[in-house]
Amino acid sequence: MSQDQQQNNKHPITYGDVFPVSGELATKPVAPKDAAMMQAAETTVLGRTQKGGTAAAMQAAATVNERAGLVSRQDLTFTGDQGVTVTATELPGARVVTETVAGQVVRRYVDATPVLQQGGDGVGVLHQQGAITIGEALEATARTAGDKTVEQSDAAAIQAAEVRATGSNVLIPGGLAAQAQSAATLNTSTRQEDKVKLCEILTDATVKLPADKAATREDAEGVLSAERRNTADMTAHPAGVSASISAAANLNEIEDVSWF
């Protein structure tokens, strides 16, 4: 077999080989400039490239592909809005990092962060924040997906979150769930520029809820199920209500383990 034939039989490492992605992205080779873009994004948002993280995995795959002659150093798989993003959302005592390629989430994780409080002598004291509540997670959604227009899936997720936070199945008049449902209904017959957004419903959620509780794995699963049931493709928004509840629950589990 000639060298050209051997090279033609080689297959590049694709995004589907490295990350849990689907569709066209899963078939695309990981290219050197893709990895460089992710490295730059991680450095800009997080201050450094994460050891063993997304950029590192992309760089390793791109290096193998380049050495095999399957991509060139100047190759770039996606550009513009279809490129890479890294976002960091601050929660009380935590930071939720979400990394995407071509609009698909390739990694999401939670970093516990110490909280600075003022001591009696005026000196800042670092301590670890307690459990994150459902209300606080909903407020985080107002920051991560605040510009998203409210849809039925959002209203369903918010209602599930409210039920779990308050322990009551009764819809609270004027509460978060009632507001979200009204917004979702209104948005079906409203011009795009006039549609109600999540930030208008979820900002100050902790104040609007009559009761609150620490987010648990069971809460996260219930909210995720409610959100998925009300979408055509049974998928949840990557930075939406269920994602924030899940991130809070994950961090709370980490906090529980740290006590033993």
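For this chain, numbers begin at 1 and follow the sequence in order.
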Heavy-atom donor-acceptor pair, E136 side chain to T133 backbone, under 3.5 Å: yes
Check: T231 main-chain N/O paired with T235 side-chain donor or acceptor under 3.5 Å: no
Within 6.0 angstrom of K197 NZ, more than 12 heavy atoms from elsewhere: no
Minimum-distance pair of heavy atoms, taken over all atoms of T54 and F19: CG2-CZ, 3.7 Å
Sequence-distant partners of T43, side-chain contact (heavy atoms from CB on, under 4.5 Å), two or more places apart: T49
Exercise: do Q152 and Q181 side chains pair donor with acceptor under 3.5 Å: yes
Sequence-distant partners of R164, salt bridge (charged side-chain N to carboxylate O under 4.0 Å, His left out), two or more places apart: D219
Remaining members of the apolar cluster that contains V150, side-chain heavy atoms under 4.5 Å: I134, L138, I158, L176, L186, V196, L198, I201, L202, L209, V223, V241, I245
Considering all heavy atoms, the nearest V101-L25 contact: O-CD2, 3.4 Å
Donor-acceptor contact below 3.5 Å, side chain D194 vs main chain R191: no
Residues R73 and E66 bridged, charged N to O under 4.0 Å: yes
Residues E24, K28; criterion salt bridge (Lys or Arg N to Asp or Glu O under 4.0 Å); working and verdict: CA-CA 7 Å; E24 182 183 5; K28 295 291 186 179; 3.4 Å; yes
Test: K33 and D75 ion pair at under 4.0 Å: no
